[in-house]
Novice: 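The following block contains the structure, expressed as structure tokens.
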2 protein chains.
Amino acid sequence: MVTIKDVALAAKVSVATVSRVLNKTGYVHEDTKTRVLKAMEQLNYHPNEVARSLYKRESRLIGLLLPDITNPFFPQLARGVEDEIHQNGFRLIFGNSDENLDKELDYLQTFKQNHVVGVISATNDPGSANYKHLSMPIVFLDRTGEHAPSVFADGREGGRIAALEIIQRNSKRITLMKGPGHLQTARDRFNGALEILSGADVDFHVMSTETFSFREAQKRAEELFSLYPETDGVIASNDIVATAVLHEALKRKINVPDDLQIIGFDDIPQSELLFPSLSTIRQPAYEMGKEAAKLLLALMKNENIEQSAVQMPVTFIERQTTRKVDDNE
Amino acid sequence: MVTIKDVALAAKVSVATVSRVLNKTGYVHEDTKTRVLKAMEQLNYHPNEVARSLYKRESRLIGLLLPDITNPFFPQLARGVEDEIHQNGFRLIFGNSDENLDKELDYLQTFKQNHVVGVISATNDPGSANYKHLSMPIVFLDRTGEHAPSVFADGREGGRIAALEIIQRNSKRITLMKGPGHLQTARDRFNGALEILSGADVDFHVMSTETFSFREAQKRAEELFSLYPETDGVIASNDIVATAVLHEALKRKINVPDDLQIIGFDDIPQSELLFPSLSTIRQPAYEMGKEAAKLLLALMKNENIEQSAVQMPVTFIERQTTRKVDDNE
DNA sequence: TTGAAAGCGGTACCAT
DNA sequence: ATGGTACCGCTTTCAA
């Protein structure tokens, strides 16, 4: 491995000088700078980040903690984060936490041990002790943060929009699926929808799903249609659940969207690929990842950011599981 | 930050001794060992990985390079890798290469600068100069490696199986979609299917897709049905393309699987969620990730591994886009 | 069985 | 404008 010493030798200067041109700090004569640069070039020198990190007590690494990259909502987030930090010369240490606080703590620990300069976490529990005494900037992603820096979508508004749109399209007996109670984001969207439904002239009932797994959603979907066969509109807690409902409806030869409308939440990539394609409330996942990265980068430079909770807008994506809205209304 | 020095002070020993108990190396008296351990405990000491890495010239980090985590095939791979290395105390530096050799090189470079102990790469071009003089163990993932360590699925066999299964189920006029020519894996599965089709009593024609994007696949699917309306079986180059074909077929009210059978490739998670759910050739992505990690770990310990190209089996996943095979045949 | 000290590859202070 | 050198936190000889 070629070190700063080799470069110094080749350029006939001291390591201090090489360090100066490397970091563009302090005075260094144009000519010697050229010599040094040439030496670096010839030797194909790349500074050892580990040595740097040791002295400066900070690396060019950022920690990213996601519940499970295998869940289709998260890759978009991850990609947004990566694209943004990569531009700024940072790299990612990545881990899946499985919503497990011990695993989270373990990762946070190794992040620290590796001198990461900041972390982005999509934990369910931003209030956990894990984050209390974290001695570095952190931003929470996809989690409503009370006081901590965070980036999240406006779930409550999303819930409202979903309810409004389905009502506007004349569903009268609506089933509102409630996602896992321990997820703030799921609660928000549920409450938003509930708010509108309670104030509208429609019948509705609520059905809970404890996870976002397709398997469980399938079971609940079966129950839905046997218990409430009169349902003509479903507001699902996310796109996975909506997919399960659609699946079951098609299996029962229910006409979607004519006899049953379905609205999902998230707009994961495959929602568009379903047939009929899924109408849903879109969270701008990629952009959220980017925003979180931007916020973290800002936090790293400047201790006091004014706007440290950024709420991203959600939008209704009209596809084929909802009817066209009647112009005459 | 609490350092080894603090521990030494608290335990009234030298840093050397602390280091010894930390690494379980050399002699150290039971009693002093206990004292040291207690001091670590009390101070909540965690060794600085950066300092370690600097001295030893190797970290506990592994580099993972994927084309694009946003492509639904890759998260499974990533998860498999992570689970395996995590168990062994390693962590991941992760990057998306976008199949771009410069980005790849850039990542490989920063991996090195951070003292990663090995890399796992799903590059399209294992032969690239990028990997020629890489001074650390590497395993290629999802890429047929000629001589380098690699883990990949048996694409050729997958192609054969797809053709066999669709023929067995009585498709007579088959369209074989050919994936991007620059991807070895796509070529393999194509050639496997071609091998069987050419030897069978069926009509077939070949259609190329240059990417695996859903957009392009949609266009090609439209063309497929307008140019070859008599097609009664499609072997797609992967599940994304298969999904587009299914989409278009349903749009045209073609009865799947009665009048048209479709077989995909990969078995990405959403293939099961389609309606009708997609019959496909499954690559065990999660297991492939795990295998790659295992292989890398082995490579790191032992220079000479006998079996360094591990080929994983593919399986036909019978779902709803293929007909039941007739028992009487 | 333990400790002193050199060294990993940089950075930054202090001289000159 | 440049060089010498202490230091970042740990590991590993070497001596005691």
Novice: Can you measure Met1(A) atom CE to dG7(C) atom P for me and round it to whole angstrom units?
Specialist: 19 Å

Novice: Determine whether the side chains of Glu49(B) and Asn114(A) contain a donor N or O and an acceptor N or O closer than 3.5 Å.
Specialist: no

Novice: CG of Leu54(B) versus C1' of dG10(C): gap in Å, rounded?
Specialist: 8 Å

Novice: Rounded to whole Å, please give me the gap between NZ in Lys5(B) and P in dC8(D).
Specialist: 7 Å

Novice: Taking the six-membered ring of Tyr286(A) as reference, does the NZ or CZ atom of Arg79(A) fall below 6.0 Å from its centre and within a 45° cone about the axis?
Specialist: no

Novice: Could you give the CD-to-P distance, from Glu58(A) to dC7(D), as a whole number of Å?
Specialist: 21 Å

Novice: Base, sugar-phosphate, or nothing for Val50(A), non-hydrogen atoms under 4.0 angstrom?
Specialist: nothing

Novice: Counting the atoms with a prime plus P, OP1 and OP2 as sugar-phosphate, which does Val18(B) contact under 4.0 Å by heavy atoms, base, sugar-phosphate, or nothing?
Specialist: nothing

Novice: Hey, which of these two, Val15(B) or Arg57(B), hits DNA chain C nearer its 5' end, going by closest nucleotide?
Specialist: Val15(B)

Novice: Not counting sequence neighbours, which residues clear salt bridge (charged side-chain N to carboxylate O under 4.0 Å, His left out) with Lys33(A)? List them please.
Specialist: none

Novice: Report yes if a side-chain nitrogen or oxygen of Thr17(A) is closer than 4.0 Å to either non-bridging phosphate oxygen (OP1 or OP2) of dG3(D); otherwise report no.
Specialist: yes

Novice: If the cut-off is 4.0 Å, is Tyr55(B) near the phosphate of dT13(D), judged by side-chain N/O to OP1 or OP2?
Specialist: no

Novice: Near DNA chain D, counting only heavy atoms under 4.0 Å, which residues of residues 19-34 of chain B show up?
Specialist: Ser19(B), Arg20(B), Leu22(B), Asn23(B)

Novice: Let me know the distance between NE2 of His115(B) and P of dG10(C), rounded to the nearest Å.
Specialist: 8 Å

Novice: Would you say Arg52(A) places a side-chain N or O within less than 4.0 Å of OP1 or OP2 belonging to dC8(D)?
Specialist: no

Novice: Compute the centroid of each ring, for Phe212(A) and then for Phe73(A), and state whether the two points are separated by less than 6.0 Å.
Specialist: no

Novice: Would you find a donor on one side and an acceptor on the other, under 3.5 Å apart, between the side chain of Asp98(A) and the backbone of Asn100(A)?
Specialist: no

Novice: Just N and O in the side chain of Thr3(A): are any of them under 4.0 Å from OP1 or OP2 of dG9(C)?
Specialist: no

Novice: Does the side chain of Asn48(B) come under 3.5 Å of the side chain of His115(A) through a donor N or O and an acceptor N or O?
Specialist: yes

Novice: Any ion pair linking Lys294(B) and Glu291(B) (charged N to carboxylate O, less than 4.0 Å)?
Specialist: yes

Novice: Mind calculating the distance between CG (Leu9(B)) and C1' (dA4(C)) to the nearest angstrom?
Specialist: 16 Å

Novice: Could you tell me the separation between the CG atom of Asn48(A) and the P atom of dG9(C), rounded to a whole number of Å?
Specialist: 7 Å

Novice: Check the distance between dT2(D)'s C1' and Arg35(A)'s CZ and give it to me in whole angstrom.
Specialist: 11 Å

